[in-house]
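We're numbering straight along the sequence, starting at 1.
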Amino acid sequence: MDPSMDNTKHILNYLMPIIELVNPELYDFMVRAEVGTIFALSWLITWFGHVLSDFRHVVRLYDFFLACHPLMPIYFAAVIVLHREAEVMECECDMASVHHLLSQIPQDLPYETLISKAGDLFVQFPPSELSREAAQQHQAERTAVSTFKDFELASTQQRPDMVLRRRFRDSVRPEHGNKTVLAKPRTNRLVKLAVMGLTVALGAAALAVVKSALEWAPKFELQIFP
């Protein structure tokens with residue numbers, strides 16, 4: 001219920017260190033697949049209530065989590081991944097395949113056994129021992145985001161409109177210290193020429209109309225010019 005996902009992302013950073021300590025081979029496979037921890041996001045923010053169809057399992061896990069450390073859901077998530085080691089290792093080593101497998105939890109898991117194993121992992125690898133690895137992973141993610149933002153900014157600077165803006169700014173030249181002289185745009189000159197041309201055209205058209213009227217109406221001409 002936090003206003004942002006920062007705390008949730010930090011908790012997810014504990015998942016991979018637990019898997020690495022228990023099963024380094026599975027950890028290496030998941031790292032090569034670049035699956036990350038996003039598959040466990042819904043597990044954590046809903047305490048598995050969103051992915052389990054049996055209400056009995058949901059309330060059993062809620063009882064377990066409420067009676068334990070706030071990070072216990074991430075230990076239980078690690079236990080589920082470790083329990084499905086064989087299925088994961090049989091997947092193709094790519095993000096899409098591994099993420100698709102892990103994001104779908106089987107409904108027939110041995111929940112009581114997994115709960116017991118999660119408790120054992122918590123005692124064996126308490127959060128205080130995992131905090132350093134989790135912080136390093138969080139820093140690596142922040143560095144990646146920062147690098148992407150720099151790349152995005154550099155790409156923006158290469159857009160045609162940005163290039164034109166830089167050329168326009170380059171047309172401003174400093175003169176006499178703080179004074180600047182801006183290259184006169186051609187817009188005003190073109191507008192003036194267009195107005196002058198339109199005036200001449202309208203005048204010529206008016207003269208032609210008057211001349212035609214005088215030729216076809218001689219009586220009217222005598223009335224106007226006696």
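- Counting all heavy atoms, side chain and backbone alike, Asp94 lies closest to Ser97 at OD1-N, 2.9 Å.
- Linking ILVMFWY side-chain heavy atoms closer than 4.5 Å, directly or via other members, places Leu52 and Val59 in two distinct hydrophobic clusters.
- Residues in residues 96-124 take part in these ring pair (Phe, Tyr, Trp, His ring centres under 6.0 Å) pairs, two or more places apart or across chains: His57-Tyr111, His69-Phe122, Tyr75-Phe122.
- In this structure the side chain of Val79 never reaches within 4.5 angstrom of the side chain of Ile115, judged on heavy atoms.
- Between Pro70 and Pro73, the shortest heavy-atom distance links the atoms O-CD, 3.2 Å.
- Remark: Phe65 CZ to Phe48 CZ distance equals 5.0 Å, nearest 0.5 Å.
- Taking 4.5 Å as the limit, every side-chain heavy atom of Leu21 sits out of range of all side-chain heavy atoms of Glu129.
- Side chains of Cys93 and Phe29 form a contact here, defined as non-hydrogen atoms less than 4.5 Å apart.
- Summarising the geometry, atom CG belonging to Leu26 is positioned 11.0 Å from atom CD belonging to Glu20; distances are rounded to the nearest 0.5 Å.
- The CE atom of Met30 sits 10.5 Å away from the SG atom of Cys91 when rounded to the nearest 0.5 Å.
- Note: the hydrophobic cluster containing Phe55 does not contain Leu66 (ILVMFWY, side chain heavy atoms under 4.5 Å, direct or indirect links).
- For the residue pair Ala118 and Met72, the shortest heavy atom distance occurs at O-SD, 4.0 Å.
- Here the side chains of Phe39 and Leu15 are in contact, with some heavy-atom distance below 4.5 Å.
- Note that CG of Asp120 is 11.0 Å distant from CZ of Phe125, once rounded to the nearest 0.5 Å.
- The side chain to side chain contact (heavy atoms under 4.5 Å, CB included) check on Thr8 picks up Met5, Leu41, Leu44, Ile45, with sequence neighbours excluded.
- In this structure, Met16 and Gly36 approach most closely via the heavy-atom pair SD-O, 4.5 Å.
- Ile80 contributes atom CD1, which lies 5.0 Å from atom CH2 of Trp43 (distance to the nearest 0.5 angstrom).
- Annotation for Glu34: atom CD does not count as buried by contact number, only 12 or fewer foreign heavy atoms lying within 6.0 Å.
- With hydrogens and angles ignored, the 3.5 Å screen pairs a side-chain donor or acceptor of Gln107 with a backbone N or O of Val51.
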### Message
Working note: Leu101 + Arg84, criterion side-chain contact (heavy atoms from CB on, under 4.5 Å); need CA distance, chi angles, decisive distance, verdict.
### Response
CA-CA 10 Å; Leu101 173 68; Arg84 305 183 67 189; 3.1 Å; yes
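- Of the inter-residue distances, the one linking Leu121 atom CG with Ile19 atom CD1 reads 10.5 Å to the nearest 0.5 angstrom.
- In the hydrophobic cluster analysis, where Ile, Leu, Val, Met, Phe, Trp and Tyr join through side-chain heavy atoms closer than 4.5 angstrom, Ile105 is grouped together with Leu61.
- A single hydrophobic cluster is not seen to contain both Met95 and Met89; linkage of ILVMFWY side chains at heavy-atom distances under 4.5 Å, directly or through other members, places them apart.
- Considering every non-hydrogen atom in both Ile18 and Ala78, the closest pair reads CG2-CB, 3.7 Å.
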### Task
Dump the intermediate steps for side-chain contact (heavy atoms from CB on, under 4.5 Å) on Leu130 and Leu71, then the final yes or no.
CA-CA 11 Å; Leu130 303 176; Leu71 290 180; over 6 Å; no
